[in-house]
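Values reported hereafter were calculated over all heavy atoms of this structure, with side chains retained and with hydrogens, waters and symmetry mates removed. Chain identifiers are assigned alphabetically (A, B, ...) following the order of the sequence lines, protein sequences preceding nucleic acid strands; residue numbering begins at 1 within each chain.
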There are 2 protein chains.
Amino acid sequence: MSAAGEVKSVVSDPRLVEERRRQIILAAVELFSKEGYHTTTIQQIARRAGTSTGLIYQYFGDKEDVLFLTLKLVIDSYENEIPFRLDGVVHPVERLCTALSAYCGVVDRLRDATVLAYRSTMSLRAERRALIKEGETRTNRLIEACVRDCTTGGFMRPVAEHLLAYQYVMFAHSWALKHWSYRERYALDEYVEEGIQLLVDPFLTAKGRLALASKRARDEVPGADLPVD
Amino acid sequence: MSAAGEVKSVVSDPRLVEERRRQIILAAVELFSKEGYHTTTIQQIARRAGTSTGLIYQYFGDKEDVLFLTLKLVIDSYENEIPFRLDGVVHPVERLCTALSAYCGVVDRLRDATVLAYRSTMSLRAERRALIKEGETRTNRLIEACVRDCTTGGFMRPVAEHLLAYQYVMFAHSWALKHWSYRERYALDEYVEEGIQLLVDPFLTAKGRLALASKRARDEVPGADLPVD
DNA sequence: ATCTGTAATGAACGATCGTTCAGCCATTAT
DNA sequence: ATAATGGCTGAACGATCGTTCATTACAGAT
């Protein structure tokens, strides 16, 4: 695992490595997203990053390494940001809605890179492709756990949890994949709201729907149902 | 429009053109899907198709032409097969379920090519990319019309039709995109059935649910509710 | 001031691959 | 029998681009 996940660097100073790689990856995301992985050249990346071509080979073993760290940035963002937003949220229905909202939020922030992941993961060698897929699977399981907590808690009627979880994932990804179509119809938060209407609400029990309503009330006028003094 | 959609051929006999292109495209789908567009070479396509490299340039202007006709085959299949399966089906709820089933069916038949479409459409020049996108949009509108017929007929409660239609599209596409995960869990018809449970059933009115139940009864034992003599 | 090691450069190399084209075969017309 | 036509071949060309490496720049140590 560590062998496939490691990226060789000639430079020893870890701080410098992190900074330079960040600089190069930022340029790479932009170019890979716009032009595609195979059609953007190392020279283009270097120019955009404001460095020389040779420098890239000081911080990456080869071109594929640049792609790998670019995609890893995306799935790491998923894996970090969603749990972060879930932190402190306890009610299962709220957790599910928050997870969906968080997922759509990261996708929105990394829209180009998300599309890039769809298009270019297969340009990685098999071991690394597997690493990326594992990361996605972990996030899927996180969503699935949210669904299960809703059903076992009696907030949601029994459903095909695995499949429903995937619908949430696809719903979030679609915000990037079909953005050319959604852009002119919905803002991000409207999109999330409609998603809850379509993919959460119908499966809630009366008890679950109550919880959702109280969350909505709280979101609308924060602190309105708390005594103000 | 016709300029971007045309593919130049040196050979004049139309029957031969169709046959050869078919032969080459079949090889191309396989290789593009497995190795990616940019990494498969014309020589590989030629070898797999059992011809010479030069022959490909008798029937296609350049490599991009091969990709274009490959992707066009996919979206044309969508546009033909779904209406074909809908032919003769009159009840709105049945039409919607049939459309979803048909869509999943084509995706299953062209699984690799569907994934290829996601990955490689952007390798086409802008005009052609637009043509492909138009084809997808037409299919989307077809699904959306099925949804609208359900709502206006009172078989489905009011919903965000555009968005729900997209969920159906994504559900069908997911069969290809996430096949590595679904394969070991569902057969195709189970997948479609679960899809209806998840994305159709919850939005049906009592009237609509009745129609679905009667369709199911008919599918289970064909002709069972007809007098047999 | 000199030395040493680390970081950065970018011209040049070599391999790959899309594309061409001069010639080959087979079939039909003269 | 010969010519003409149309389809087919695959070696060779040329351009592109990932990668290397000899060289320079610079900072800190001696």
Side-chain angles (χ1 to χ4, degrees), chain A residues 7-32 34-71 120 122-125 128, chain B residues 6-32 34-71 120 123-125 128:
Chain A
V7 170
K8 285 273 162 76
S9 172
V10 175
V11 177
S12 50
D13 179 14
R15 186 157 317 172
L16 197 52
V17 170
E18 188 176 358
E19 185 184 314
R20 285 289 198 207
R21 282 187 177 169
R22 179 179 182 74
Q23 168 190 11
I24 292 163
I25 285 175
L26 274 175
V29 171
E30 214 172 314
L31 290 166
F32 287 166
K34 188 157 52 187
E35 305 287 340
Y37 170 63
H38 287 285
T39 45
T40 73
T41 69
I42 292 285
Q43 344 255 338
Q44 283 177 292
I45 298 174
R47 199 175 329 132
R48 173 71 60 121
T51 70
S52 63
T53 58
L55 184 110
I56 293 181
Y57 287 89
Q58 302 261 328
Y59 294 94
F60 298 87
D62 57 14
K63 195 185 176 187
E64 196 220 47
D65 279 352
V66 181
L67 179 63
F68 175 62
L69 287 194
T70 300
L71 299 184
S120 300
M122 66 112 197
S123 293
L124 298 172
R125 42 186 236 257
R128 292 183 154 178
Chain B
E6 291 306 317
V7 171
K8 284 274 164 75
S9 172
V10 175
V11 177
S12 50
D13 179 13
R15 186 158 314 174
L16 197 52
V17 170
E18 186 175 359
E19 185 183 314
R20 285 290 199 206
R21 282 188 176 167
R22 177 176 184 76
Q23 169 190 12
I24 292 164
I25 285 175
L26 275 175
V29 171
E30 214 173 314
L31 290 166
F32 287 165
K34 188 157 52 187
E35 305 287 340
Y37 170 64
H38 287 285
T39 46
T40 73
T41 68
I42 292 286
Q43 344 254 336
Q44 284 176 293
I45 298 175
R47 200 175 328 131
R48 172 71 59 121
T51 69
S52 64
T53 57
L55 184 113
I56 293 180
Y57 287 89
Q58 302 261 328
Y59 294 95
F60 297 87
D62 57 15
K63 195 185 177 188
E64 197 220 48
D65 279 352
V66 180
L67 178 64
F68 175 62
L69 287 194
T70 299
L71 299 184
S120 301
S123 293
L124 298 172
R125 40 188 238 256
R128 290 181 156 181

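- At least one side-chain nitrogen or oxygen of S12(A) sits closer than 4.0 Å to the OP1 or OP2 atom of dA7(C).
- Taking both residues in full, the closest heavy atoms of R21(B) and V7(B) are given as NH2-O, 2.9 Å, listed atom of the first, atom of the second, then distance.
- For Y59(B), the listed nucleotide lying nearest its side chain is dC8(D); candidates were dC8(D), dG7(D), dA8(C).
- Per the geometry, CG belonging to D13(B) stands 10 Å off C1' belonging to dG6(D), to the nearest Å.
- Between R20(B) and dC8(D) there is a side-chain polar atom (N or O) within less than 4.0 angstrom of OP1 or OP2.
- If you measure from atom CD of E19(B) to atom P of dC8(D), you get 9 Å, rounded to the nearest angstrom.
- A search for side-chain hydrogen bond (donor to acceptor under 3.5 Å, both in side chains) contacts involving R22(A) returns nothing, not counting sequence neighbours.
- Q23(A) contributes a side-chain N or O that, together with a main-chain N or O of A49(A), makes up a donor-acceptor pair within less than 3.5 Å.
- Ring geometry for H38(B) versus H38(A): interplanar angle of 30 to 60°, hence tilted.
- A straight line from CD1 of I45(A) to P of dG10(C) spans 17 Å, rounded to a whole angstrom.
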Trace of the side-chain contact (heavy atoms from CB on, under 4.5 Å) decision for Y59(B) with V66(B)
CA-CA 9 Å; Y59(B) 294 95; V66(B) 180; over 6 Å; no
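- Annotation for I45(B) and A27(B): closest pair O-CB, 3.9 Å, computed over non-hydrogen atoms.
- Residues meeting the ring-ring contact (aromatic ring centres under 6.0 Å, His included) test with F60(B), sequence neighbours left out: none.
- Summarising the geometry, the separation between CZ on R21(B) and C1' on dG7(D) is reported as 15 Å, rounded to the nearest angstrom.
- Across the protein-nucleic acid pair, L16(B) atom CG and dG6(D) atom P stand 13 Å apart, rounded to whole Å.
- Scanning all heavy atoms of the two residues, the minimum distance from A28(B) to T70(B) falls at CB-OG1, 4.1 Å.
- Looking at every heavy atom in both residues, V11(A) comes nearest to V17(A) through O-CG2, 3.6 Å.
- You'll find the side chain of L55(B) reaches within 4.5 Å of the side chain of R20(B), heavy atoms only.
- In this structure, L55(A) atom CG and dG18(D) atom P are separated by 16 Å, rounded to whole Å.
- A straight line from NE2 of H38(B) to P of dC17(D) spans 11 Å, rounded to a whole angstrom.
- The S52(B) side chain lies nearest to dC8(D) when the options are dC8(D), dT9(C), dG7(D).
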At a cut-off of 3.5 Å, list every protein nitrogen or oxygen paired with a nitrogen or oxygen from nucleotides 19-22 of chain C, distance to 0.1 Å.
from	atom 1	to	atom 2	distance (Å)
dT19(C)	OP2	Y57(B)	OH	2.6
dT19(C)	OP2	K63(B)	N	2.9
dT19(C)	O5'	Y57(B)	OH	3.4

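- Here dC17(D) presents its P atom at 13 Å from CG of L31(A), a figure rounded to the nearest Å.
- Looking at heavy-atom distances under 4.0 Å, S9(A) makes no contact with the nucleic acid at all.
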Distances under 3.5 Å only, N/O to N/O: pair up the protein atoms with those of nucleotides 28-30 of chain C.
none

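- S120(B) contributes no side-chain N or O that, together with a main-chain N or O of S123(B), makes up a donor-acceptor pair within less than 3.5 Å.
- Considering only the side chain of T41(A), dG18(D) comes nearest among dT9(D), dG18(D), dG7(D).
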Pull out every protein N or O sitting under 3.5 Å from an N or O of nucleotides 24-30 of chain D, one pair per line with the distance.
none

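- Applying the salt bridge (Lys or Arg N to Asp or Glu O under 4.0 Å) test to pairs two or more places apart or on separate chains, those with a residue in residues 45-71 of chain A are E30(A)-R48(A), E64(A)-R125(A), E64(A)-R128(A), D65(A)-R128(A).
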